[in-house]
Amino acid sequence: MATPHFSSALSAPAVPAAYPMAKPGYGKRSTRGQQARTRDDFALLPTRERYVAGFVDHLPDGAAMSIKQLAKQLPLYGQQAISTALNALSVAGHLRRVRCAVGAGDETRWAFRTFWSRTARDNEWWTTYLATETAARTAAPAERPAASVPPAQAPVAVPQQRTAPEAPGASPAPEAPAPATTPAARTAPAAPPTAPSPAYLALAELGRRDIRLALSADDCAALERQAAEWLARGVTADYLIAALTAGLPAQVDCPPRFVRRRLTDKIPPQLPDGPASPSTPAPRLLMECTDCGRPGQPEALPDGLCRPCLATHSAGGRPSPDPAEIAAVKAHMTNLRGLLKAP
């Protein structure tokens with residue numbers, strides 16, 4: 001349990017309007033279900049961590065969360081101090097750094113994000129939250145908006161047209177005589193002969209490739225259905241001819257029976273219609289160590305730190321220095337530099 005620090009904390013600086021934003025898909029991400037912002041936020045944290053947390057909490061989503069950018073906006077602390085403060089905030093349950101794969105195919109790249117929670121969360125909560133985010137990312141590409149179906153238009157009512165009454169004694173108009181049919185019109189044109197199928201042509205080509213497999217027209221017609229099954233499985237006519245003519249014996253007594261046996265025994269497996277695409281794994285969030293950036297599962301990174309970094313943080317967990325001490329050290333170093341420059 002964290003120990004409350006009742007020392008007066010410096011107020012976090014206001015977020016400048018020109019604070020750099022990260023690239024789309026990167027940067028800060030606020031979690032859901034946070035408590036409302038109050039004056040007592042981060043009261044259990046040390047002075048430095050409270051100062052950094054107050055600044056990060058006011059950053060908009062998508063803001064750059066690199067240590068270098070944060071150190072530029074927080075003049076009291078350098079990059080090393082900011083890194084240590086972020087590690088402490090991760091242990092306190094306020095942030096987790098993750099990486100996720102974005103894009104598809106050869107355009108896949110890693111996007112680095114920092115999830116932030118004003119309310120301190122434990123490891124179980126973060127594990128569940130990241131699993132929920134992974135499920136949401138997995139289901140998002142599959143969910144497509146239903147196509148809007150235009151409403152069926154109501155039939156337009158057409159008023160009944162009035163017809164002029166027939167005059168009494170008027171005879172109906174004579175019907176037009178039907179056109180006379182000629183003998184040529186009564187004779188239907190003969191259907192053109194159908195072109196031979198690719199399977200038939202492949203069988204007819206066997207005799208040209210090797211005289212031992214010469215087939216007659218009736219043999220090609222009888223074996224056409226079996227050859228068509230080969231072509232239906234995705235093979236070409238050249239593949240079919242090569243498979244039937246490969247490794248022929250010195251003498252073929254009955255070419256039709258020999259070809260029929262090979263069509264039955266050497267039929268290829270069913271091939272897909274298009275090129276098989278490797279299955280792409282479902283997009284997922286991969287947590288990484290807040291200190292060293294080592295990726296891993298949430299269960300392997302308790303408090304957002306890997307085992308070595310967590311051991312180092314626990315062994316060297318000292319209270320953050322007071323800002324007055326930092327100012328005194330800086331003034332002393334400035335004085336030393338001035339003495340060195342003096343003649």
Side-chain angles (χ1 to χ4, degrees), residues 2-23 26-28 37-97 112-114 116-118 120 288-294 303-306 308-343:
T3 304
H5 295 261
F6 297 102
S7 60
S8 58
L10 298 175
S11 58
V15 178
Y19 187 86
M21 303 296 289
K23 296 180 181 179
Y26 295 72
K28 177 188 173 183
R37 186 177 287 115
T38 63
R39 295 175 57 90
D40 297 332
D41 291 335
F42 318 112
L44 300 180
L45 299 176
T47 303
R48 179 182 59 190
E49 284 71 18
R50 206 183 321 176
Y51 181 77
V52 176
F55 179 78
V56 173
D57 186 55
H58 286 79
L59 291 177
D61 280 2
M65 282 292 294
S66 64
I67 297 175
K68 184 176 181 180
Q69 291 293 347
L70 292 176
K72 287 182 179 180
Q73 304 297 330
L74 302 175
L76 292 182
Y77 305 103
Q79 296 186 21
Q80 185 62 37
I82 296 297
S83 176
T84 306
L86 292 179
N87 293 342
L89 293 177
S90 178
V91 174
H94 291 287
L95 69 86
R96 289 291 187 273
R97 291 191 183 274
F112 300 90
R113 301 173 181 174
T114 301
W116 173 260
S117 174
R118 187 183 310 113
E288 64 177 15
C289 177
T290 307
D291 191 4
C292 66
R294 179 181 300 176
D303 296 335
L305 300 175
C306 63
C309 294
L310 184 61
T312 303
H313 183 274
S314 301
R318 297 174 298 176
S320 58
D322 190 82
E325 298 179 2
I326 298 177
V329 171
K330 290 184 177 181
H332 181 64
M333 295 301 298
T334 303
N335 187 26
L336 292 178
R337 294 190 187 97
L339 294 176
L340 293 174
K341 293 179 181 179

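It should be emphasised that the depicted structure is a prediction, and the values quoted were computed from it without experimental measurement.
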Trainee: Using modelled atom types and a 3.5 Å cut-off, is there a donor and acceptor pairing between side-chain atoms of Tyr19 and backbone atoms of Ala64?
Mentor: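 Between the backbone of Ala64 and the side chain of Tyr19 there is a qualifying donor-acceptor contact (under 3.5 Å).
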
Trainee: Taking all atoms of both residues into account, what is the closest heavy-atom pair of Gln73 and Pro20, and its distance?
Mentor: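 Heavy-atom minimum between the residues: NE2-CD, 4.3 Å.
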
Trainee: Looking only at atom types and distance, does a side-chain atom of Arg50 sit under 3.5 Å from a main-chain N or O of Leu45, one as donor and one as acceptor?
Mentor: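 Indeed, once roles are kept as given, a pair shorter than 3.5 Å links the two residues.
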
Trainee: Any chance you could measure Met65, atom CE, to Arg97, atom CZ, to the nearest 0.5 Å?
Mentor: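 Interatomic distance, Met65 CE to Arg97 CZ, rounded to 0.5 Å: 5.5 Å.
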
Trainee: Under a plain distance cut-off of 3.5 Å, with no hydrogens placed, do Asn87 and Thr84 share a side-chain donor-acceptor pair?
Mentor: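 No, no side-chain donor-acceptor contact under 3.5 Å.
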
Trainee: Keeping Asp41 on the side-chain end and Thr38 on the backbone end, is there a donor-acceptor pair under 3.5 Å?
Mentor: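 Side chain of Asp41 to backbone of Thr38, a donor-acceptor pair under 3.5 Å: yes, one is there.
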
Trainee: Run the numbers on Thr334 and Arg337 for side chain to side chain contact (heavy atoms under 4.5 Å, CB included), then give the verdict.
Mentor: CA-CA 5 Å; Thr334 303; Arg337 294 190 187 97; 4.2 Å; yes

Trainee: Minimum heavy-atom separation for Ala63 to Leu59, with atom names?
Mentor: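 Answer, listing the atom of Ala63 first, then Leu59: CB-CB, 4.1 Å.
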
Trainee: Look at the aromatic rings of Phe42 and His94 and report parallel, tilted or perpendicular, splitting at 30° and 60°.
Mentor: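 Phe42 and His94: perpendicular rings.
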
Trainee: Does a side-chain heavy-atom distance below 4.5 Å link Leu70 with Leu86?
Mentor: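 SC-SC contact between Leu70 and Leu86 confirmed.
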
Trainee: Keeping the roles fixed (side chain from Thr114, backbone from Lys28), state whether a donor-acceptor pair exists under 3.5 Å.
Mentor: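 The answer is no, because no donor-acceptor pair under 3.5 Å joins these two groups.
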
Trainee: Is it true that atom CZ of Arg118 has more than 12 heavy atoms of other residues, nucleotides or ligands lying nearer than 6.0 Å?
Mentor: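 Enclosed.
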
Trainee: In a check of side chain to side chain donor-acceptor pair (under 3.5 Å) between Ser90 and each of Thr290, Asp303, Asp291, which one passes?
Mentor: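 Going through the options one by one, the only one that passes is Thr290.
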
Trainee: State the OH-CD distance between Tyr77 and Glu49, to the nearest 0.5 angstrom.
Mentor: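 Interatomic distance, Tyr77 OH to Glu49 CD, rounded to 0.5 Å: 8.0 Å.
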
